[in-house]
Amino acid sequence: MPEGHLLHHIARRHREVLVGRTVRATSPQGRFSAGAAAIDGRVLDEVEAYGKRLFHRFGDDVVHVHLGRLGSFVWLDAPAGPPRPQARLRLEADTGAADLFAPIVCELGPASLRDGVVARLGPDPLRGDADVDAVRRAFATDGRAVGAVLLDQSVLSGVGNVLRSEALFLVGIDPATPTSSLDGRSFEQLWGTIVAMMSKAADLGRIVTTSDELVPEPEARYVYKQQRCRRCGAEVERPVVGGREMYRCPREQPATRRPGARKT
DNA sequence: TCTTTATGGTGAG
DNA sequence: TCACCCTAAAGAT
C-alpha cells in the first residue's frame with residue numbers, strides 16, 4: 001500500500017526492467033484503452049517518482065499514475081502470463097510485465113502535465129532536489145497541528161498515515177503540536193527521521209520502523225495499528241488529526257503545554 | 001459467502 | 001465534515 005517510499009521503489013524497479021525498452025501497452029480492464037494505444041510499441045524513456053505520483057515518459061507523452069489508497073503495481077518476470085482482467089494497464093517488455101491495479105489516477109498527457117502536477121506538490125524528502133528550507137519556512141508559519149501538516153502534500157509530498165505516526169513517535173512529538181511552535185532542533189530531527197525512514201522503506205518496499213530486519217507485519221511499527229506502544233507498553237491513543245485517525249504513544253509523545261483546545 | 005478494511009485525495013454541502 | 005472513487009485480501013459467518 002502506497003506512501004511515497006513505494007512509488008520510488010516502483011520507479012527504481014521500472015528503471016531497471018523497462019526503461020530504454022520498447023514497451024507493449026494494453027488496458028485489459030479497458031478504462032485506459034486510448035492511453036495505452038497511444039504509447040503501445042514506443043520506447044519508455046524514463047520513470048520518475050514525485051511524492052505519491054509516478055510519471056512514465058514516452059517521448060513527449062507522459063503517463064501520470066496515482067495509486068490512491070488501493071492501487072498497486074505488480075511485476076511479473078518474463079514470460080508473463082496473460083494479465084488479470086482488472087488490470088488498468090499492462091506495460092510489457094522482453095524482461096517481463098508491470099500490471100497496474102486500482103489506481104485513482106492513470107492518465108496520458110503532454111510532458112507539461114508532469115510539471116503541472118509537480119507544481120502543486122511540496123518537496124519530496126526522497127529526492128535529492130528537495131528544498132528543505134521551503135518546508136522549514138512552511139512549518140514556521142503554519143498554525144496547524146504537525147500531524148496534519150505532514151499529510152498536506154502541498155507542504156511536503158510522500159508522507160502518509162503510517163509514516164507520520166511512526167516519525168512523530170520516533171522524535172517524541174505529540175501530533176497535535178502546532179508546527180509553528182516546533183523549535184529548530186525538533187524540525188531537523190523530524191525531517192531527518194522522515195528522510196531515513198522513507199529511504200529504508202523505499203529500499204525494502206515496505207515501512208519497517210522497529211527493526212532492520214524483515215519482521216512480520218504486526219511487529220514492524222511502534223504505534224501504527226498497535227494496541228500498546230511496542231517500546232514502552234503504554235496504551236496507544238488514536239487521535240483524529242488532519243481529518244484522519246492516527247496513532248500516538250501518550251507516554252513517549254507527551255502533550256506540549258497548550259492552553260486552548262486543539263484544532264487541526 | 002458474506003463484511004470489513006486499507007499506507008489517498010477530491011469535490012460537494 | 002462527509003460521501004465517494006478505485007480493488008483485493010483478511011476476517012467473520
Side-chain angles (χ1 to χ4, degrees), chain A residues 1-11 27-33 35 49-54 63-76 83-90 98-107 116-122 124-126 144-145 147-170 175 193-194 197-210 214-227 236 238-248 261-264:
Chain A
M1 311 239 172
E3 291 186 33
H5 67 287
L6 196 56
L7 286 300
H8 284 269
H9 186 76
I10 293 166
S27 180
Q29 178 231 31
R31 282 210 257 167
F32 191 59
S33 297
Y50 203 116
K52 295 171 185 169
R53 282 55 174 29
L54 266 181
V63 177
H64 168 217
V65 169
H66 183 26
L67 296 178
R69 196 175 31 158
L70 310 176
S72 58
F73 250 117
V74 175
W75 176 256
L76 303 155
R84 296 214 313 275
Q86 297 91 336
R88 180 78 57 89
L89 170 64
R90 161 166 282 199
D99 290 351
L100 172 64
F101 296 96
I104 199 86
V105 174
C106 176
E107 60 178 353
V117 172
V118 167
R120 282 178 261 122
L121 299 174
D124 176 345
L126 280 182
R144 290 176 297 165
V149 174
L150 286 177
L151 280 193
D152 185 340
Q153 304 297 300
S154 69
V155 174
L156 73 168
S157 58
V159 172
N161 211 22
V162 177
L163 289 168
R164 72 163 172 164
S165 294
E166 295 292 296
L168 288 173
F169 169 81
L170 278 179
T193 299
I194 288 170
M197 199 175 262
M198 290 182 79
S199 302
K200 188 170 132 194
D203 291 342
L204 297 177
R206 227 189 115 193
I207 301 171
V208 177
T209 58
T210 55
L214 252 3
V215 292
E217 212 50 21
E219 297 164 31
R221 291 131 202 167
Y222 287 108
V223 289
Y224 182 83
K225 279 289 155 76
Q226 305 296 314
Q227 204 80 43
V236 169
R238 301 162 63 153
V240 173
V241 183
R244 294 179 67 195
E245 190 172 73
M246 64 178 297
Y247 300 80
R248 165 193 175 224
R262 66 187 62 176
K263 199 66 199 152
T264 59

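Order of the sequence lines sets the chain letters (A, B, ...), proteins ahead of strands, with each chain counted from 1.
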Problem - Pairs involving residues 200-210 of chain A, ordered by first then second residue, that meet salt bridge (charged side-chain N to carboxylate O under 4.0 Å, His left out) (sequence neighbours left out) - result: R12(A)-D203(A), K200(A)-D212(A), R206(A)-E217(A)
Practice task
Nearest whole angstrom, please: distance from the P of dT7(B) to the CG of L204(A).
Solution key: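 Rounded to whole Å, this separation is 20 Å.
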Exercise for the section: Report the distance from atom CZ of R206(A) to atom C1' of dA6(B), rounded to the nearest whole Å. Expected result: 16 Å
Handout entry: N or O in side chain of K225(A) less than 4.0 angstrom from dT5(B) OP1/OP2
Key =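 No, no such contact exists.
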Problem - Q153(A) side-chain N/O to dG8(B) phosphate OP1/OP2 under 4.0 Å - result: no
Problem - Within-4.5 Å side-chain heavy-atom neighbours: M198(A) and V159(A) - result: yes
Practice task
Please name all residues satisfying side-chain hydrogen bond (donor to acceptor under 3.5 Å, both in side chains) with R238(A), sequence neighbours left out, ordered by chain then number.
Solution key: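 Scan of R238(A) (side-chain hydrogen bond (donor to acceptor under 3.5 Å, both in side chains), adjacent residues dropped) gives E245(A).
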Problem - Atom P, compared across dA3(C) and dT5(B): separation rounded to whole Å - result: 16 Å
Problem - dT10(B) and dA8(C), which share atom name C1', separated by this distance in whole Å - result: 23 Å
Practice task
Give E245(A) one of three labels, base, sugar-phosphate or nothing, depending on what nucleic acid heavy atoms sit under 4.0 Å from its own.
Solution key: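 If one applies the 4.0 Å heavy-atom cut-off, E245(A) turns out to touch nothing in the nucleic acid.
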Practice task
Under 4.0 Å between any heavy atoms, over every strand shown, what does R164(A) touch: base, sugar-phosphate, or nothing? Just pick one.
Solution key: nothing
Exercise for the section: Mind checking side-chain contact (heavy atoms from CB on, under 4.5 Å) for A167(A) and listing every partner two or more places apart, or none if nothing turns up? Expected result: L190(A), T193(A), I194(A), M197(A)
Handout entry: Pairing residues for V105(A) by the side-chain contact (heavy atoms from CB on, under 4.5 Å) criterion, not counting sequence neighbours
Key = H64(A), H66(A), E107(A)
Which pairs, protein N/O on one side and nucleotides 9-12 of chain C N/O on the other, fall under 3.5 Å?
none

Distances for protein N/O vs nucleotides 1-3 of chain B N/O pairs under 3.5 angstrom?
none

Practice task
Among dG8(B), dC6(C), dT10(B), find the nucleotide with the atom closest to the side chain of K52(A).
Solution key: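 Given the options dG8(B), dC6(C), dT10(B), the side chain of K52(A) is closest to dG8(B).
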